[in-house]
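Residue numbering restarts at 1 for every chain, and letters A, B, ... go by the order of the sequence lines.
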Amino acid sequence: MSVKSTAAGGSPAKSRGRTTTRGTAAKRRAGEPGLVQLLTPEGERVEHPDYAIDLTPEELRGLYRDMVLTRRFDAEAITLQRQGELGLWASLLGQEAAQIGSGRATRPDDYVFPTYREHGVAWTRDVDPLNLLGMFRGVNHGGWDPNENNFQLYTIVIGSQTLHATGYAMGVAKDGADAAVIAYFGDGASSQGDVAEAFTFAAVYNAPVVFFCQNNQWAISEPTEKQSRVPIYQRAAGYGFPGVRVDGNDVLAVLAVTRAALEHARSGQGPMLVEAFTYRMGAHTTTDDPTRYRSDEEREEWASKDPIARLRTYLEREGLADEAFYAEIDTESDALAKRVREGVRNMPNPGTMAIFENVYADGSALVDEERAQFAEYLSSFETGDVETAGTGH
Amino acid sequence: MSVKSTAAGGSPAKSRGRTTTRGTAAKRRAGEPGLVQLLTPEGERVEHPDYAIDLTPEELRGLYRDMVLTRRFDAEAITLQRQGELGLWASLLGQEAAQIGSGRATRPDDYVFPTYREHGVAWTRDVDPLNLLGMFRGVNHGGWDPNENNFQLYTIVIGSQTLHATGYAMGVAKDGADAAVIAYFGDGASSQGDVAEAFTFAAVYNAPVVFFCQNNQWAISEPTEKQSRVPIYQRAAGYGFPGVRVDGNDVLAVLAVTRAALEHARSGQGPMLVEAFTYRMGAHTTTDDPTRYRSDEEREEWASKDPIARLRTYLEREGLADEAFYAEIDTESDALAKRVREGVRNMPNPGTMAIFENVYADGSALVDEERAQFAEYLSSFETGDVETAGTGH
Amino acid sequence: MTQTMAVAKALNESLRKALENDPKVLIMGEDVGKLGGVFRITDGLYKDFGEGRVIDTPLAESGIVGTAIGLALRGYRPVVEIQFDGFVFPAYDQIVTQLAKMHARALGKIKLPVVIRIPYGGGIGAVEHHSESPEALFAHVPGLKVVSPSNSSDAYWMLQQAIECDDPVIFFEPKRRYWDKGEVDVAALPGDLHRAVVAQQGTDVTLAAYGPMVKVCLEAAAAAANEGRSLEVVDLRSLSPIDFDTIEASVRRTGRLVVVHEAPVFYGAGAEIAARITERCFYHLEAPVLRVGGFHAPYPPARLEEEYLPGLDRVLDAVDRALAF
Amino acid sequence: MTQTMAVAKALNESLRKALENDPKVLIMGEDVGKLGGVFRITDGLYKDFGEGRVIDTPLAESGIVGTAIGLALRGYRPVVEIQFDGFVFPAYDQIVTQLAKMHARALGKIKLPVVIRIPYGGGIGAVEHHSESPEALFAHVPGLKVVSPSNSSDAYWMLQQAIECDDPVIFFEPKRRYWDKGEVDVAALPGDLHRAVVAQQGTDVTLAAYGPMVKVCLEAAAAAANEGRSLEVVDLRSLSPIDFDTIEASVRRTGRLVVVHEAPVFYGAGAEIAARITERCFYHLEAPVLRVGGFHAPYPPARLEEEYLPGLDRVLDAVDRALAF
Ligand SMILES: Cc1ncc(C[n+]2csc(CCOP(=O)(O)OP(=O)(O)O)c2C)c(N)n1
Ligand SMILES: Cc1ncc(C[n+]2csc(CCOP(=O)(O)OP(=O)(O)O)c2C)c(N)n1
Ligand SMILES: [Mg+2]
Ligand SMILES: [Mg+2]
């Protein structure tokens, strides 16, 4: 297949005016050129000249299952947050196709660098969902072994992981390994200097990395227009590699495009940027109140493009799954939710002295000293003036 | 007779050039797609469909004079460095057209944000050349009043001034002022995250700023390929504004393109990127040894595109200046060199207590305390144990 | 003219007043517009002053501070919000190499009246990067002023003063005190922005703290009083410069000093205070200056922060040790 | 096996040895390849090890450190060069929020063996940003180790050890000592990277210094000896952690301590040392710990640096004051 870029130089005469008023989402997005789509919002299968995909019914059902279970996991996490079991949750609601499609495009040897919202991608990498909950519960800052599933820790500082991904990809290339790297980031993150530097390094070293931008239209309260006045995928061309925009609510298109991009990288052609055009259906996190900055209509309009409903319509129309299949997924979902619920509730708090663990790999006399002093201090409560203990240290 | 670029169509253009060298010019431009040129290396006047310029003989002579005097100033600074009068010098040799052409395109109300090499631009802004030498002599870090000539202080941290320029331009737009801002930076700087963020802010706020990249092919020892695998001007499109590459050794083209870009900005159309394709003929700075990383042939090839020789050929061919003119410039050059030489030699060292000056605008008790203590310490030498004084404090 | 308001509200009113008083004042940051900031410190300002004065920026901290510098050069007085302490570092280069130095670079010919507001410190049960106390990393840098209010009145007045100051001011807001209420006299003439105040008089030991820890120290003083010990609490308010005179005067009375902050002790503000006060009060100190603060470890996950953060007991333990010396 | 070489050469040989010993070691930075670095510390390495091992990077410090982190995650051991002290700040975010914290974030399951070499300090007559001493801004950050050699032997061995260390190490090179020659025993087993050493024994006052200031202190000790005063000089070598035991042992002997560094005194390393040593040696100190260092002002233009930098006289003045206390 061919990977196209959209490059444009130009003279002042060709400059593009800037929209000062925001129309509805539909109006803004209507007629977006170059959006790769293989399944319409109405669940109709369409073809694209550059991106083809041919999946077995089983594979199609697998994608459906992935998305449903991911959504169920996400919903359970929101509930657990409301119940006080988690301190915070960043929901992926609405972004299931972007995450499952791209995650399923990766091979085991590929390496994933997520933000803090890639629960669906983690699912495709066989990361135990409970691992994702530790930092949101506040028992650790991540804590899993990234090398177990080639899935790096969640990274909160916006954009910084794109550089780690690029460096990792440079290493992959050095090793001559048959693998690629994928770096997730958001529309907001596209403004960070680190992301631009990652583009530069990846291009200059021809690193096998796919930059996967989930443009979910919002960076907390800021619409994408606050980050860029042209579609984000176009940025790649200016750095010398191809960019493509895919319907991020179309799991087939995301899978096809990401596969092609990863293959592009793996085969020595260097980096590629994929912009998955999607929508954050929920709040930014559980502490956010999106009613302060966006309209119900916009949300409703995107609800009609729901990635799961879309695939289900297609499966039903084509008769690719029977009732037993859907029933089984319901059962699986309940089991997953139960496991997550119980797992979180039983997740142990770290011991106090964990504060001093893993600051250094090779140890530090300073940490040793502070640990010893603190241990002595704590033990003073056991032996002596217990009456003041417990009111906070 | 009409001389047109083979790379671009457009309306027939008037030409003062001659047919005899047409092939050469066309071939050169064909090799560099999109390079705007109005004067060939052979001193031949050509037309460009998008950028026209019509200068009086006096204006043409003015540009020549600017370039010659700038070069002379630069040469004198190098000499002064060799003589130990300056600690360092960053020569602009070879970049006179890029700087004079762009600087002369600015209007008095426009504002310039330079790097550390824009001696030619400073010249066009009527900044006293002696001001530029303070930091290289080590008597200050710049020290002139940027608002006197709307020429900001030299900035050494690569790329950071592009954000200041963008913020300033946002202010210009807020004020509804009829002015534009121009930010200089190098090919190396194009890799800095700050420059990318400046592009983003400028585009999102439609700020009246021209990003002027002098691609002099080298960032110290690193060729441009270490910064980008596509021409730098193309980066603009991905941020939603126009980019253009101009022959940076062609003062007419630089003037025309920068004028258009500034007018684009001033007229509310937002930012623009100009890449001036030029060459650093000398060392990066006086401490650099370019023989370690680049070839004589390269330098010689670029010498044949010299910006000053090119304009002189044109002036001579067209009979636009007489011997008296050239003689006068020689005299002026000598006078300038003399003034600079004497000015530098007589430039006073700052007094010791200047260390504590201008740390804060509103003062600080801490600085006051340290100043007082140091003054007391210094005065102890006057009164008592003078024998240890003078061996370094 | 005294009103009761939370620290967050005091900051909000302070910004409102600044926007009203001076058309050159601008608010900039991520989500400061329609949303009113993740802590609602800018709530209502976008609505009342418009997007020309209250500016939602791209998600790029270096860009925010860098363009604020440019706006300041143009004559504006930008008040920048960094969303959380842990996200100031992408802007660190612009702050340290440009904002802090430009006035000196110009030999005083230009001014950089930029305020950078940073909600800081822990205690709100947040995830990584949302609970840090990086103030020492700014106080060490010449050219910056660093302050932190501990209560509503100081929140209100110190922010006004920071905005009026012609120097760059890093304004650290104690985020876990945002909801604490206090009296604000909006008509009172404020004192010097960089003066420390004795928040509680006492005779036995001086506690020096700032921002979120002042409350802890006041509680410690109250608890100690029950045991018959009289602690003096100095609210430093300013971390660069530091009002050593006020601390010195207190230590000359009490003979003992404990410095308390959330930031790691190692190379923290307490070190500077201990060093300088020991030099000034060598013969008045009955015990070495002791420090209570964060450990040399990344800020821990939320479930450990109660153990990690200096509280009443750790402060009183240090008081005990100072008295036992 | 003892050879005489300049500090710059010792660093070069050390890098060469590291590249030879471990195929995972990489050199990265601006102009480190063909040019051999602006100070020629990587001279010849590009030629001998190729562009796969000695990597000229785009001009972007955050990118350099950020990709070095990625390479470390892939199993490499990048040794990064920052061209000058004043240019490390664009990388500060990656260093502080990622490099320093990732090991803890993973509960120890991944390691970040990245060395960041920074030529630092003044005295070479350079322009702005080329003479700074930002070490405290790194030492305050948990998760980083910070060291600085003062002589050829330490340059050679400490760099080896930093590269072998599984933690991120910020390696500050005293640029004005690059050309100072010294003995290097390339066969000697090195001591602990974080141990301080007594560089000169004495009895009256302890001088503690690191990097470029060690030489000044040794000269001060020699000058003082002529006046019949015996100064002990401790070369700290490591700034995080600090070997307080060695300093304490010295101060228990001498009773007096002067800490010397180029960095601004305010919130500098001297503050931490003064605070901790005063706590440890309260009854042994005959005078408060005194500090000699940079002022709270931007590093001045070159023509003022001789006045600005702590020299013999300022050190001896502090010694006088310590003895007169
Ligand atoms: C450097 C930095 N600045 C600010 C934040 C606070 N913050 C967390 S998420 C977020 C918005 C991110 O938007 P986007 O990149 O579009 O990702 P999304 O949350 O939509 O998935 C912000 C501003 C941060 N985490 N890091
Ligand atoms: C942030 C930063 N990193 C490194 C340097 C050191 N340095 C000074 S000039 C230079 C090369 C700049 O190249 P370019 O941007 O092409 O400008 P030119 O010197 O060619 O005009 C470097 C690396 C610096 N000044 N700032
Ligand atoms: Mg988003
Ligand atoms: Mg260059």
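- In this structure, the side chain of A/Y360 engages the main chain of D/L144 through a donor-acceptor pair within 3.5 Å.
- Counting heavy-atom pairs closer than 4.5 Å to chain A, the top-ranked of the candidates D/M28, D/K111, D/H194, D/K145 is D/K145.
- Within the 4.5 angstrom heavy-atom criterion, no atom of A/E148 approaches chain D.
- Looking at A/V181, there are no atoms closer than 4.5 Å to chain D (heavy atoms on both sides), in backbone or side chain.
- Most heavy-atom pairs under 4.5 Å with chain A, from the set D/D245, D/L112, D/I64, D/I242: that is D/I64.
- Note on A/Y205, A/F113, A/Y154: by heavy-atom pairs under 4.5 Å with chain D, the leading option is A/Y205.
- For NZ of D/K34, the number of neighbouring non-hydrogen atoms (other residues, nucleotides, ligands) closer than 6.0 Å is 12 at most.
- Separating the CZ atom in D/R74 from the CE atom in A/M170 is a distance of 13.0 Å, to the nearest 0.5 Å.
- Side-chain atoms of A/N358 never come within 3.5 Å of backbone atoms of D/H103 as a donor-acceptor pair (strictly under, hydrogens ignored).
- Contact of A/N140 with chain D is made through the side chain alone, with heavy-atom distances under 4.5 Å.
- In this structure, the portion of D/R276 lying under 4.5 Å from any heavy atom of chain A is its side chain and not its backbone.
- Atom OG1 in A/T166 sits 10.0 Å away from atom CG in D/L71 (nearest 0.5 Å).
- Using a 4.5 Å heavy-atom cutoff, the side chains of D/Q94 and A/E197 are not in contact.
- Using modelled atom types, no side-chain atom of A/D362 and backbone atom of D/C165 make a donor-acceptor pair closer than 3.5 Å.
- In this structure, CG in D/L59 is found 11.0 Å from OG1 in A/T200, a value given to the nearest 0.5 Å.
- When heavy atoms are compared at a cutoff of 4.5 Å, A/Q152 approaches chain D solely by way of its side chain, counted from C-beta outward.
- The contact between A/D175 and chain D is made by backbone and side chain atoms together, counting heavy-atom distances below 4.5 Å.
- Looking at D/A68, there are no atoms closer than 4.5 Å to chain A (heavy atoms on both sides), in backbone or side chain.
- With contacts defined as side-chain heavy-atom distances shorter than 4.5 Å, the pair D/I55/A/K174 qualifies.
- In plain terms, the two heavy atoms of A/F201 and D/G63 that are nearest each other are CZ-C, 3.4 Å.
- Scanning all heavy atoms of the two residues, the minimum distance from A/D194 to D/S62 falls at OD1-OG, 2.6 Å.
- With a 4.5 Å cut-off on non-hydrogen atoms, D/D56 touches chain A through its backbone but not through its side chain.
- The shortest side-chain heavy-atom distance between D/I69 and A/L163 does not fall under the 4.5 Å cut-off.
- D/K101 is not listed as a side-chain neighbour of A/H141, based on a closest heavy-atom distance of 4.5 Å or more.
- The closest donor-acceptor contact from the side chain of D/K109 to the backbone of A/P146 lies at 3.5 Å or more, if one exists at all.
- The candidate with the highest count of non-hydrogen atom pairs below 4.5 Å against chain A, out of D/A106, D/P142, D/S240, D/P78, is D/A106.
- Here the closest heavy-atom approach between residue A/S160 and residue D/Q98 is recorded as OG-NE2, 3.3 Å.
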